[in-house]
Structures are given as C-alpha cells and as structure tokens.
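Below is one structure, written out as structure tokens, with a few remarks after it.
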Amino acid sequence: MNDHYLKKLDRVTAILTQLQSRPLVRAQDLAEKFEVSIRTIYRDIKTLENAGIPIVGEAGSGYFLMDGYKLPPVMFTKEEVLSFITSEKLMQKFSHQSMGTHYQTAMGKVRSVLRYSDKDMIENVENQIDVFSYHSPPTEAEVIKNVLPTILESIAEKYQLIIEYRSVNAEVSKRTIEAVGVFFEFNYWYIMAFCTLRKDFRQFRVDRILKISKTSQSFSQEYGQINDYRKKCNENPTLVKLLVEKKVMGYLSNSKKYYGLIEEEETEEGVLLTFKTEWINDGFPRWLITFADYATVLEPEILKVKLKEIITNISAKHIIHN
C-alpha cells in the first residue's frame, strides 16, 4: 500500500467515527479537520456509501447515518487504549463523585470491546499510572447524588434549576438559575449560570450546593459558550502591578495566570507583573502574602492597605510572650 492510500483509509475511517458519534457532520468541518478540500470529502463519503454504509445527506446541512443502523464495534489503536487508561486515572481523582458511577460503567463498555491483546496490555500498565491530588474530596454523605448529570441535563433540555446554596460566609439561599455550563478550576467544580434573583451571571461552587432540582420551567435564551460568561463575571477588574524578584518566579508559574496575569516583563530590578483581578479585597492579597517578602506592590494603593491589614491581624494573633 502506498502512503496516499493509507492516508485515505485513515481519513475515511475517521469520518465514519465522526458519523457514529455526532448527529450531523458538515463537509466543511470535515475538510478543515483533515486539511483537505471539500471535493475530497465528497469522494470519501462516496467511498463509504459504496461500502454499504447508509449515509443520508441534507443539502446545506450535512451528513448523518440512517436512523437504526448499527455498526460493528470500533477497533482502537494501542495509543488510544493507553490514553483511555491515563484518562481513567485522571477521572478517578478529578471527576465529581456524582459522575463516578456513570464513568465506571462507560469504561466497562469500552473495555468489553477491546481485543484480548489490548486487555493484557491494560493489566500490565494500569497499576503503573497514578495521579496524586492534595485536595480532600467531600465525603460520600456530603455529595448530592447526580448533581452534575442534573446540571448537564438542564443545559441540554433548557430547563431552570432550583438550588439551595451555601455561600462562603455560610449563609444559605434559594436560587432559581439557568445553567450555561460547568467548569473545573483549582480542584473544584463550578456552575456558570444566570441567576434570576440577581438578574446577572454568577458562578456557584458545586460542593456548596445543598439541594438541587430540575423545574418544569423552560428558558429560550441562547447563552453561547461558557468562557464568554466567565469574562462577563469579571468585567470590572482592578489593575495591579507587582515587582517580583526573579528567584521566586518559578513558584508562581501556575497561580499567576489564575489570579489574572495579563503581562510579564523582565527588568533589571526584577520581573514586572501586571494583573487584572476581581479579587482585590480578599483573594489576591492573601495569595500575595505567600511571597510578599519577595515582591513590591507598585499599584494600587488599596492593595497595600489590604495587605497591611491582613499582616497586622496575623501579627496580633501570633504574639510571642516572653
């Protein structure tokens, strides 16, 4: 077989996988994904049709498999099988507990269609992969059953949710929300949603939800992508400038982006970091304390005040008595 034929075989197989996994596939999207012309995609679709695959094409829309058609099990490559095992380890540590059982049953189905040689490979390597997490997950009694599946179903079906939510100061409130999406950040799962009480978008930490229920009230608003609304929640940030000694920059590589880093510049005096943060009153100054002896606050003055207040309180609580 020449390289051209092998590339076509791989591409046609991948197109078939796309048709199996999605309700509608556009030729334009396939052409961009595989970096070929639309005419090439048309020929690939024809190849599948000639092989007996019942593909339905809708003008101006795309392609889909005829309803009820069953394909034989997909054969996975060795690299794909190894990626499953690695992702399974990640899911065990970072997926929400309410998704755990569903993921385990899904992986059981994947394992059931693997070849015996691949199953042997899994036996040999799965105990050689681990993920260490320093975040203690909530106990089983604290986890609401099916909380993430309930949220995702409400997004797909466009139904409002009612939640009882415990804020950071332990106040409990009842909210009606329209969920936009969910995201995982710094060891916690969050919902991004439109809150009908506040008439604005809010983030809710999933582990602080005490109760959740899906209502019969639908919503028609098209909210778009979740990242668009994360930006809207942070649309009035404070500009912060820090001068940080170079020797500690390696310890800030991950956290500085989380706290809103927008620019980094090396100077003779140190590294000039510029942030835009909405946590100027609490989160940002508390993070800054962890390396404050190696940093100088250039602006704003309010950050210097907040930093001094926290340090004064710490000093008052830790007086050494002779």
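If you're wondering where the values come from, they're calculated on a predicted model, not measured in any experiment. Numbers here are sequence positions counted from 1.
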| Interatomic spacing from CZ in Phe275 to CG in Leu303 - rounded to 0.5 Å | 10.0 Å

| Does Thr176 offer a backbone N or O that forms a donor-acceptor pair with the side chain of Thr196 under 3.5 Å? | yes

| task | For the pair Phe204 and Tyr165, name the ring-plane relationship: parallel under 30°, tilted 30 to 60°, perpendicular over 60°. | result | perpendicular

| message | Does any part of the side chain of Ile280, heavy atoms only, come nearer than 4.5 Å to the side chain of Lys306, both counted from C-beta? | response | no

| Looking at Trp287 and Ser255, what are the two nearest heavy atoms and their distance? | NE1-OG, 3.2 Å

| query | Is it true that a side-chain atom of Lys158 and a backbone atom of Gln221 form a donor plus acceptor pair closer than 3.5 Å? | reply | yes

| task | Rounded to the nearest 0.5 Å, what's the gap from CG on Asn50 to CD1 on Ile45? Could you check? | result | 11.5 Å

| query | Counting heavy atoms not belonging to Tyr159, are there more than 12 under 6.0 Å from its OH? | reply | no

| Can you list the steps and then say if Thr296 with Glu269 is a side chain to side chain contact (heavy atoms under 4.5 Å, CB included)? | CA-CA 11 Å; Thr296 302; Glu269 295 79 18; over 6 Å; no

| Are side-chain heavy atoms of Leu243 and Thr267 found at a separation under 4.5 Å? | yes

| query | Does Arg286 pair with Asp282 as a salt bridge, N-O distance under 4.0 Å? | reply | yes

| request: Determine, using the 4.5 Å side-chain heavy-atom cutoff (strictly less than), whether Phe64 and Leu30 are members of one ILVMFWY cluster. | output: no

| Side-chain contact, heavy-atom cut-off 4.5 Å: Ile191 with Ile209? | yes

| field | Same cluster (ILVMFWY, side-chain, under 4.5 Å), Tyr251 and Tyr294 | value | yes

| note | Here the pair of heavy atoms bringing Pro300 nearest to Leu239 is CD-O, 3.4 Å

| query | What do you reckon, is NZ of Lys304 surrounded by more than 12 foreign heavy atoms closer than 6.0 Å? | reply | yes

| query | Distance-only, no hydrogens or angles: does the Thr215 side chain make a donor-acceptor pair with backbone N or O of Gln160 under 3.5 Å? | reply | yes

| query | Side-chain heavy atoms under 4.5 angstrom apart, residues restricted to Ile, Leu, Val, Met, Phe, Trp, Tyr: same cluster for Met249 and Phe284? | reply | yes

| Hydrophobic cluster identity match, Val125 and Phe84, side-chain contacts under 4.5 Å | yes

| task | Could you state whether Val305 and Ile311 fall into the same hydrophobic cluster, counting links through intermediate Ile, Leu, Val, Met, Phe, Trp or Tyr residues with side-chain heavy atoms under 4.5 angstrom apart? | result | no

| query | Can you name the nearest heavy-atom pair linking Trp189 to Leu148, along with the distance? | reply | CD2-CD1, 4.0 Å

| request: Mind checking the CG-CG spacing from Leu16 to Leu48? Nearest 0.5 Å is all I need. | output: 5.5 Å

| said: Please determine whether the number of non-hydrogen atoms from other residues, nucleotides or ligands lying under 6.0 Å from atom CD of Glu35 exceeds 12. | reply: no

| said: So, taking the atom named OG1 in Thr238 and the one named CD in Glu278, what distance separates them when rounded to the nearest 0.5 Å? | reply: 9.0 Å

| task | Could you tell me whether the side chain of Thr274 reaches within less than 4.5 Å of the side chain of Val240, counting heavy atoms only? | result | no

| message | Counting the benzene-type ring for Trp, do Tyr223 and Phe201 have ring centres under 6.0 Å apart? | response | yes

| query | Does any non-hydrogen side-chain atom of Val297 lie less than 4.5 Å from one of Leu242? | reply | yes

| message | Between the side chains of Arg205 and Asp207, is the shortest nitrogen-to-carboxylate-oxygen separation below 4.0 Å, so that they form an ion pair? | response | yes

| Do the rings of Trp279 and Tyr258 sit parallel, tilted or perpendicular, given the 30° and 60° boundaries? | tilted

| Can you name the side chain to side chain donor-acceptor pair (under 3.5 Å) partners of Glu49, sequence neighbours left out? | none

| query | Just wondering, more than 12 heavy atoms not from Lys214 lying within 6.0 Å of its NZ? | reply | yes

| task | Heavy atoms only: give me the nearest Gly181-Ile155 pair and the separation to one decimal. | result | CA-CD1, 3.6 Å

| Least distance between heavy atoms, Val244 atom then Val248 atom | CG1-CG2, 3.5 Å

| remark: Heavy atoms of Arg208 and Ser167 approach each other most closely as CD-C, 4.5 Å

| request: Taking the side chain as every heavy atom from C-beta outward, state whether Asp29 and Gln18 have any pair of such atoms under 4.5 Å apart. | output: no

| query | Met121 versus Leu82: any side-chain heavy-atom pair under 4.5 Å? | reply | yes

| field | From Thr40 atom OG1 to Lys8 atom NZ, the distance as rounded to the nearest 0.5 Å | value | 9.0 Å

| Would you find more than 12 non-hydrogen atoms of other residues, nucleotides or ligands less than 6.0 Å from Phe34 atom CZ? | yes

| Other residues, nucleotides, ligands: >12 heavy atoms within 6.0 Å of Lys256 NZ | yes

| Relative to each other, are the rings of Tyr63 and Tyr42 parallel, tilted or perpendicular (30° and 60° limits)? | perpendicular

| request: Can you establish whether the number of heavy atoms outside Lys308 located under 6.0 Å from its atom NZ is more than 12? | output: no

| So, do Leu298 and Leu272 sit near enough that their side-chain heavy atoms are less than 4.5 Å apart? | yes

| message | Within this structure, what is the CD-CZ distance for the pair Gln28 and Arg26, rounded to the nearest 0.5 Å? | response | 6.0 Å

